[in-house]
Structure formats: structure tokens, C-alpha cells
2 protein chains.
Amino acid sequence: MGHKPRKEMIAETRAKLVAAARHAFGSVGYAEASMDDFTASAGLTRGALYHHFGDKKGLLQAVIAEIDAEMLARLKIVSARADTLWQGFVDECTAYIEMALEPEIQRIVLRDGPAVLGDPSQWPSQNECIRSMSENLQKLRDEGTIVAVDPEAAARLVSGASLHAAQWIANSENPEATSKKAVKAFNMLLEGLLRQGRRIGRPQATAEADKSPA
Amino acid sequence: MGHKPRKEMIAETRAKLVAAARHAFGSVGYAEASMDDFTASAGLTRGALYHHFGDKKGLLQAVIAEIDAEMLARLKIVSARADTLWQGFVDECTAYIEMALEPEIQRIVLRDGPAVLGDPSQWPSQNECIRSMSENLQKLRDEGTIVAVDPEAAARLVSGASLHAAQWIANSENPEATSKKAVKAFNMLLEGLLRQGRRIGRPQATAEADKSPA
DNA sequence: TAATTGACATACGCGCCGTATGTCATTATC
DNA sequence: GATAATGACATACGGCGCGTATGTCAATTA
């Protein structure tokens with residue numbers, strides 16, 4: 001009777017290891033997390049870990065992949081329910097900042113991840129979030145909402161600003177006030193992307209995208 | 001004869017340790033840098049290190065403080081020789097990106113630093129760079145060049161975008177082309193800060209800062 | 001039923017970190 | 001100017017955590 005199939009047991013083991021590592025990495029950090037400790041907390045040993053993930057870095061990769069998949073799913077939901085593309089883009093940026101406020105994401109994805117695995121722009125997972133944002137910007141450019149600018153470049157700048165804003169907010173002594181200031185300034189920056197005609201409350205004109213103050 | 005005074009010998013020892021650690025951290029990374037190894041390369045032992053810096057993290061703090069002081073000095077030079085405040089600000093941002101392209105800064109300050117010491121916005125040193133940029137933005141606001149926005153918030157967003165742009169550029173397969181795209185998009189974003197009347201090639205008007213598309 | 005695979009556990013060694021202790025020169029005290 | 005005291009280091013010690021090598025036992029395959 002009830003013995004589960006092999007594949008399922010294995011997947012379960014992997015999931016347990018990822019979950020235990022995710023908790024350990026998120027609470028005490030990657031460097032301080034003892035493999036013996038958190039494998040034991042999953043009812044396993046380091047043997048299982050090395051068998052499935054190769055080494056500690058491999059486990060971190062798996063954990064980050066899981067978190068990043070969740071982030072991507074959440075972003076897609078946010079942008080999908082907006083009325084306009086631009087609204088969806090702005091909402092997505094806001095959601096990005098809010099996610100970056102979560103301690104687990106900050107610690108694992110934003111701090112330990114880059115230190116252990118190298119620059120995030122090279123991760124296959126992280127690129128999915130960027131790619132999602134790039135696609136939105138591409139559409140916005142096609143429909144004429146934003147100026148002629150490289151979508152990926154804009155996406156990376158915007159995500160960079162978002163992430164740092166989140167770090168700043170999360171560590172400030174008054175997150176509420178800081179958040180308001182950050183969002184306001186953030187919207188100012190985003191207006192730099194909008195074509196003049198689309199800027200709310202501002203006069204209409206044709207923009208010459210290539211001329212800039214620098 | 002020539003025996004140097006005590007204080008000088010001590011300062012020399014500290015400097016040698018910082019230099020050796022800086023080299024080790026910058027080349028193999030913080031985690032992989034063996035204290036026994038790089039203290040030996042400075043002709044010393046871990047005893048000296050623990051005496052002067054408390055622990056490995058203390059040394060990293062000292063290394064980062066040194067690097068950050070150099071960065072701040074370079075930024076001040078750049079912004080000081082510009083004709084206008086705005087030009088100085090833009091030049092400073094560009095210099096910021098260029099510095100973030102240097103492998104040593106990327107590794108020590110941008111990746112290992114945050115992982116080991118926590119969020120950079122809490123570092124006394126990093127705050128000096130931000131503060132420098134904030135002061136410039138404050139002046140720009142006072143003279144009416146940019147819209148009414150919190151200077152520190154804008155400074156953090158801009159530096160965040162700059163840093164991520166630099167990471168992206170440094171790790172791209174074609175840094176030249178990537179850099180061009182990033183700088184162009186970056187200038188677009190910065191235009192969001194400029195008041196309408198100041199935007200080059202664009203019509204003049206008064207701006208209502210509090211209204212944004214979001 | 002015998003052979004093989006593979007998912008784990010156990011055992012071992014090494015490197016690295018932090019601390020506790022020791023040594024020797026310099027500085028202060030008289 | 002002799003002695004005590006401080007402080008800048010080196011040495012010695014213990015432990016922990018990682019990676020690897022090896023073992024075991026169930027599940028598949030033939």
C-alpha cells in the first residue's frame with residue numbers, strides 16, 4: 001500500500017532541502033548557515049545535499065531560483081491587471097520595490113546572492129524579471145508612450161533604482177516617510193522616460209530624444 | 001640613528017595590513033581570502049590583525065573606508081571643475097558609473113561589502129558619497145534647475161541606477177555598446193528631474209511637481 | 001533471483017577562524 | 001637610570017564547517 005513512487009520521494013527530499021536552506025539563509029545568512037544544522041532540521045544529512053546540489057553554492061542557486069520564480073509570478077499578476085501598459089509598468093516597479101522590502105529577498109537575493117554567485121545580471125533567473133520589464137518597455141515604446149530608448153537599458157536602470165530605494169526604505173528609521181519620499185522621486189525619474197505629450201499636467205510637444213543636458 | 005618613531009611604525013603596520021587585505025579581497029574575494037595568507041604576504045601574522053582590527057570584518061571595514069575615501073575625493077574633483085551645478089552633477093554620476101566599473105570596487109564595495117557588513121546605506125563611509133550627491137541636488141533645487149524633490153531620495157535612486165548600470169556594463173560581452181545604451185537611457189531618466197524650462201530642446205513651462213502618472 | 005543503479009548516511013581530513021597565552025621592546029614612574 | 005607597566009605583535013590551541021571518499025540499503029532492471 002501507500003508507499004509513494006520514487007520520483008515523488010526524491011522531489012520531496014529536494015524540496016525539503018531547499019525549504020530548510022531558504023529558511024536558514026534568510027534568517028542567519030549564507031555564510032553563517034551550517035549545512036549540518038539545516039540539513040538536520042530537514043531530517044537529512046549533508047550527504048543528501050551534496051548528492052542533489054553538488055555543493056553549498058548549488059543549493060543557494062536552487063533557493064534563489066525558487067524565490068525568483070515566485071517574484072516573477074507576482075510581477076506578472078500585477079502588470080496583467082492594469083488598465084494601460086504604462087500603468088502596468090509603474091505598478092510593476094512599485095511591486096518590485098515592495099518585494100525588495102522583504103527581509104528574505106533582501107538577504108538572499110540582493111546581498112548574499114551577488115557575493116556568492118557573482119553579478120546578478122548574469123543569473124538566468126534574475127534575467128527573467130529584467131526581461132519581463134524590458135518587454136513592457138518595448139511595448140510602451142512601440143505604442144509611443146515613452147521616448148526612443150533601449151528597453152533593456154531602461155529596465156536595468158529602473159530596477160537598480162528600485163532595489164536601492166527598497167534597501168534604503170527597509171533600513172531607515174521611518175520606513176513610512178522614507179517610502180513616500182522615494183516613490184515621489186521615483187515617479188519623477190520615470191517621467192524622464194515619458195514622451196512630452198504624455199506627461200500629465202505638462203504641455204504637449206514633440207520631443208527630440210537624442211538631445212540631453214549632458 | 002634612523003629608528004622611526006613608534007607611532008609611525010604602527011601606522012605603517014596598519015597600512016600594510018589594509019593594503020594586503022585590499023589586494024586579497026579584491027582578487028579572490030572576502031570569503032576565499034585566508035587571513036594567514038595575506039597577513040604573511042605583508043610580513044606579519046594574524047596576531048597583528050586581531051590586535052588592530054578586532055576581526056576579519058573589521059579589516060574589511062577599514063579597507064572599504066579607504067576605498068570610499070578615494071572615491072569621494074575623485075568625485076569632488078570631478079564636480080568641482082564643471083561649469084554649472086547641473087553639469088557637475090551629471091559628470092559626477094558618470095564618474096560614479098566609471099568607478100563602479102573597476103573590478104576592485106565591484107567586488108569589495110558592491111558585492112562582498114553588503115553581504116558581510118549589511119546594507120551600504122548604513123555605512124558611515126558610503127553615506128558620504130550619497131551626502132555629497134544630495135548636497136548637489138539640494139543646490140540644484142535651490143537654484144530652480146530641478147523639480148521639488150527630496151534630494152536624498154533622488155540621490156539614492158540615481159546612485160542605485162548608476163551602480164546597476166555599471167554592473168551590467170562591466171559584465172556584458174560588449175562593454176562599449178552597452179555603456180552607450182546605458183548612458184543614453186540614464187540621461188533620459190535624469191531629465192525627469194529637470195524642470196520643464198530647463199530641458200534642452202524642449203518647450204518652456206512651469207511644472208507642477210506633485211502630479212505624476214502613477 | 002541476481003545484478004545494478006542511485007539515494008542517501010557515515011567517516012575522515014584539512015583549512016580556517018577566534019582566543020588565550022607568551023615575548024620582547026618601548027614608554028612611563030621613581 | 002633601574003624597574004614597572006603598557007602595548008604591539010607572534011605563537012599555540014581548540015573547534016567548527018566544508019568537501020570527499022566510502023559504505024549501506026532499497027528500488028529498478030534483466
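Convention: sequence-line order gives letters A, B, ...; per-chain numbering from 1.
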Engineer: For the side chain of A:T45, counting heavy atoms from C-beta on, which of D:dA8, C:dC8, C:dA9 is nearest?
Structural biologist: C:dA9
Engineer: Rounding to an integer number of Å, can you tell me how far B:L49 CG sits from C:dT19 P?
Structural biologist: 12 Å
Engineer: May I ask you to decide whether A:E70 forms a salt bridge with A:K76, counting only side-chain N to carboxylate O separations under 4.0 Å?
Structural biologist: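 Judged by the 4.0 Å cut-off on N to carboxylate O distance, A:E70 and A:K76 do not form a salt bridge.
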Engineer: Expressed in angstrom and rounded to an integer, what is the separation of B:L44 atom CG from D:dT11 atom P?
Structural biologist: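 Atom-to-atom, B:L44 to D:dT11, this comes out as 11 Å.
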Engineer: In whole angstrom, give the distance that lies between atom CE of B:M9 and atom P of D:dA8.
Structural biologist: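 Distance check: B:M9 CE to D:dA8 P gives 13 Å.
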Engineer: Show me the donor-acceptor pairs within less than 3.5 Å that the side chains of residues 94-101 of chain B make with the rest of the protein, sequence neighbours left out.
Structural biologist:
| from | atom 1 | to | atom 2 | distance (Å) |
| --- | --- | --- | --- | --- |
| B:T94 | OG1 | B:V90 | O | 3.0 |

Engineer: For a quick test of reading the model: is some side-chain N or O of B:H52 closer than 4.0 Å to OP1 or OP2 of D:dC9?
Structural biologist: yes
Engineer: Ignoring backbone atoms, establish whether A:H51 has a side-chain N or O less than 4.0 Å from OP1 or OP2 of C:dC8.
Structural biologist: no
Engineer: Going by side chain to side chain donor-acceptor pair (under 3.5 Å), name the residues that satisfy it together with B:D150, two or more places apart in sequence or in a different chain.
Structural biologist: none
Engineer: Using the six-membered ring wherever Trp is involved, compare the ring planes of B:H164 and A:H164 and label them parallel, tilted or perpendicular (cut-offs 30° and 60°).
Structural biologist: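 Ring orientation of B:H164 relative to A:H164: perpendicular.
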Engineer: Check the distance between C:dG15's P and B:F38's CZ and give it to me in whole angstrom.
Structural biologist: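 After rounding, the reported distance stands at 17 Å.
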Engineer: Report yes if at least one side-chain N or O of B:T13 is closer than 4.0 Å to OP1 or OP2 of D:dC9; otherwise report no.
Structural biologist: yes
Engineer: I need a per-nucleotide contact map over nucleotides 16-21 of chain D, read 5' to 3'. Cutoff is protein heavy atoms under 4.0 Å; write B for the base, S for backbone only, - otherwise.
Structural biologist: -SBBB-
Engineer: Rounded to whole angstrom units, what separation is found between the CD atom of B:E8 and the P atom of C:dT26?
Structural biologist: 14 Å
Engineer: Which of parallel (below 30°), tilted (30 to 60°) and perpendicular (above 60°) describes B:F38 and B:F25?
Structural biologist: perpendicular
Engineer: Within this structure, what is the CG-to-P distance between B:L59 and C:dG18, rounded to whole angstrom?
Structural biologist: 11 Å
Engineer: Of the options B:Q87, B:E92, B:R74, B:E135, which is the one that meets B:S79 in a side-chain hydrogen bond (donor to acceptor under 3.5 Å, both in side chains)?
Structural biologist: B:E92
Engineer: Under a 4.0 Å threshold between the charged nitrogen and the carboxylate oxygen, would A:R156 count as salt-bridged to A:E152?
Structural biologist: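 Looking at A:E152 and A:R156, the cut-off is met.
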Engineer: Between atom CZ in B:F53 and atom C1' in C:dC17, what is the gap in whole Å?
Structural biologist: 17 Å
Engineer: Check the distance between C:dG6's P and A:R14's CZ and give it to me in whole angstrom.
Structural biologist: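 That distance rounds to 15 Å.
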